[in-house]
Student: 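One structure is given below, represented as structure tokens, and several questions about it will come after.
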Amino acid sequence: MTTSSTSQHSRPRVVLGVSGGIAAYKACELLRRFTESGHDVTVVPTAAALEFVGAPTWAALSGKSVSANVWQDVETVPHVRIGQTADLVVVAPATADLLAKAAHGLADDLLTNTLLTARCPVVFAPAMHTEMWEHPATQANVATLRERGALVIEPAEGRLTGADTGKGRLPEAAEIFAFATDLLARGGAREQDLAGRHVVVSAGGTREYLDPVRFLGNRSSGLQGYALARTAVARGAEVTLVAANVTLADPAGVKVVKVETTAQLQEQVLAASRSADAVVMAAAPADFRPATFTDAKIKKAEDGSAPEIRLTQNPDILAGLAADRPSPGIVVVGFAAETGDENGSVMDHARAKLARKGCDLLVVNDVGGGKVFGAEDNEAVVLGADGSTTSVPRGSKSALAQVIWDRVTPLLPTR
Ligand code: CTP
């Protein structure tokens with residue numbers, strides 16, 4: 001038996017399986033993302049997928065010939081070779097039919113043969129109408145595939161093929177790509193150390209309204225929270241992401257709850273945390289809100305005087321979660337942006353904040369240089385309530401997210 005190994009090849013080998021749903025066109029963008037970032041991609045469509053997007057498109061974008069059946073290039077034994085030599089198989093979109101075949105081990109075309117011979121991680125990104133997704137047959141097939149170690153990304157909610165909306169959309173190509181590359185970056189490890197766990201992540205910055213059109217806000221981009229959500233899904237968690245005013249695409253397989261104000265953020269984080277094993281407050285809730293909200297837009301005064309805005313304090317969500325744990329043993333994680341001053345170093349302030357907030361872990365960013373907001377990368381120290389520290393050198397927000405989950409997992413309540 002040949003086993004796959006990225007170390008033997010300079011470029012990770014990805015098999016992109018495409019089954020016959022209208023979302024097949026979105027797989028073209030996914031393919032582009034893989035090839036442009038240096039992956040060696042073999043596209044294996046089903047015959048039905050070729051009804052939606054033709055073989056020339058896949059061949060041109062991947063730089064390789066494409067076939068749906070096992071009768072082409074038989075001398076190279078493609079029905080065995082493609083699966084055996086892959087570092088990762090991603091099936092996007094995965095139809096109800098394809099999931100059923102995969103769950104039952106059928107092998108009547110090149111893709112289903114490939115799925116039987118692959119020993120690398122296999123990711124399915126289902127896309128179908130809500131009724132088909134929710135049908136007990138599909139749900140049983142998904143459960144079977146997951147039991148066997150396959151990663152099945154929850155479909156997104158939104159507009160479907162017709163005029164209807166619901167759960168069943170293929171997540172954005174960028175999000176499937178991020179999920180897949182995260183997996184590859186972890187050496188293809190299928191370590192599902194968050195499987196069976198529910199985690200809640202907050203992200204973004206809240207808005208506190210003065211009137212229907214004006215608000216006090218902040219510059220939080222939501223990037224770190226979204227990276228936390230993505231990486232938790234890749235490690236097998238069920239993830240609820242409470243997002244305040246974030247314009248990023250929903251991460252694949254994540255339940256996204258959109259909020260605007262700190263009060264809404266608190267309500268949604270609390271509600272989701274009642275069934276959670278961990279909650280990470282990566283959001284930047286406003287500490288203050290206008291004391292009064294005016295239903296009508298505030299007009300300029302005739303005499304040219306400016307209105308005075310009185311502020312009132314918002315609840316500290318993190319401190320509240322830590323003091324009154326919404327579920328037994330839930331791990332509570334906070335973030336802190338600190339600068340050193342004459343009263344102490346960044347870490348002095350961080351230790352004091354961790355004690356004040358009562359959380360289990362505090363992710364400390366030194367913002368002395370004025371960076372972090374909106375930046376693609378990050379550098380931090382993860383501080384534990386026991387005084388332990390893990391320094392995370394400058395790197396991607398995903399890399400920091402992985403370290404945060406590494407620190408969370410040993411603290412998770414026993415179930
Ligand atoms: N946080 C929260 N609720 C708030 C404000 C902040 O839950 N109303 C959370 C953030 O999500 C983050 C952590 O608290 O996890 C960081 O809070 P920070 O703004 O640094 O705390 P403050 O108490 O505002 O600290 P400082 O007094 O230093 O501004």
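One-based numbering, in listed order, for ligands and for the atoms of each.
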Student: Measure the distances from the heavy atoms of Pro315 to every atom of ligand 1 and state whether one is below 4.0 angstrom.
Tutor: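 Flag set, Pro315 near ligand 1.
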Student: What do you reckon, does Ile317 have a nitrogen or oxygen under 3.5 Å from a nitrogen or oxygen of ligand 1?
Tutor: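 Yes; at least one N/O pair falls below 3.5 Å.
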Student: Name the residue from Leu106, Leu111, Val18 that meets the side chain to side chain contact (heavy atoms under 4.5 Å, CB included) definition with Leu98.
Tutor: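 Between Leu98 and the candidates, side chain to side chain contact (heavy atoms under 4.5 Å, CB included) is satisfied uniquely by Leu111.
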Student: Could you tell me whether Lys167 and Glu154 make a salt bridge, using a distance below 4.0 angstrom between a side-chain N and a carboxylate O?
Tutor: yes
Student: Please identify which atoms of ligand 1 are closer than 4.0 Å to at least one heavy atom of Gly334.
Tutor: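 Those qualifying, in numeric order: 15 (O).
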Student: Closest non-hydrogen protein atom to atom 18 (P) of ligand 1, residue and atom name please, with distance?
Tutor: Lys353 NZ, 3.5 Å
Student: Which residue supplies the protein heavy atom nearest to atom 5 (C) of ligand 1, what is that atom called, and how far is it?
Tutor: Asp287 OD1, 3.1 Å
Student: Nearest protein heavy atom to atom 27 (O) of ligand 1, by residue and atom, and its distance?
Tutor: Arg356 NH2, 4.4 Å
Student: A side-chain contact here means heavy atoms from C-beta on lying under 4.5 Å apart; do Asp40 and Pro12 qualify?
Tutor: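 When only atoms from C-beta onward are counted, Pro12 and Asp40 do not touch, as no gap falls below 4.5 Å.
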Student: Salt bridge or not between Glu238 and Lys255? Use side-chain N to carboxylate O under 4.0 Å.
Tutor: no
Student: Give, for atom OG of Ser388 and atom CG of Leu361, the distance between the pair rounded to the nearest 0.5 Å.
Tutor: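 Answer rounded to 0.5 Å: 7.5 Å.
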Student: What is the nearest protein non-hydrogen atom to atom 11 (O) of ligand 1, stated with its residue, atom name and distance?
Tutor: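 Going atom by atom, the protein heavy atom closest to atom 11 (O) of ligand 1 ends up being Ala283 O, 2.7 Å.
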Student: Can you tell me which portion of Lys357 lies within the under-4.0 Å heavy-atom range of ligand 1? Options are side chain, backbone, both, or neither.
Tutor: side chain
Student: Measuring from atom CD of Gln139 to atom OG1 of Thr144, what distance do you get when rounded to the nearest 0.5 angstrom?
Tutor: 11.0 Å
Student: Are Arg235 and Asp406 ion-paired here, with the side-chain N under 4.0 Å from a carboxylate O?
Tutor: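 Yes.
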Student: Can Asp211 and Lys297 be counted as an ion pair, charged N to O under 4.0 angstrom?
Tutor: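 Salt bridge absent between Asp211 and Lys297.
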Student: Number the atoms of ligand 1 from 1 as they appear, then name those within less than 4.0 Å of a heavy atom of Met281, with their elements.
Tutor: 7 (O), 11 (O), 12 (C), 15 (O)
Student: Nearest protein heavy atom to atom 9 (C) of ligand 1, by residue and atom, and its distance?
Tutor: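 Looking only at protein heavy atoms, the one closest to atom 9 (C) of ligand 1 is Leu318 CB, 3.8 Å.
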Student: Give me the nearest non-hydrogen protein atom to atom 13 (C) of ligand 1 as residue plus atom name, then the distance to 0.1 Å.
Tutor: Phe335 O, 2.9 Å
Student: Could you identify the single nearest non-hydrogen protein atom to atom 6 (C) of ligand 1 and state the distance to 0.1 Å?
Tutor: Pro285 CD, 3.7 Å
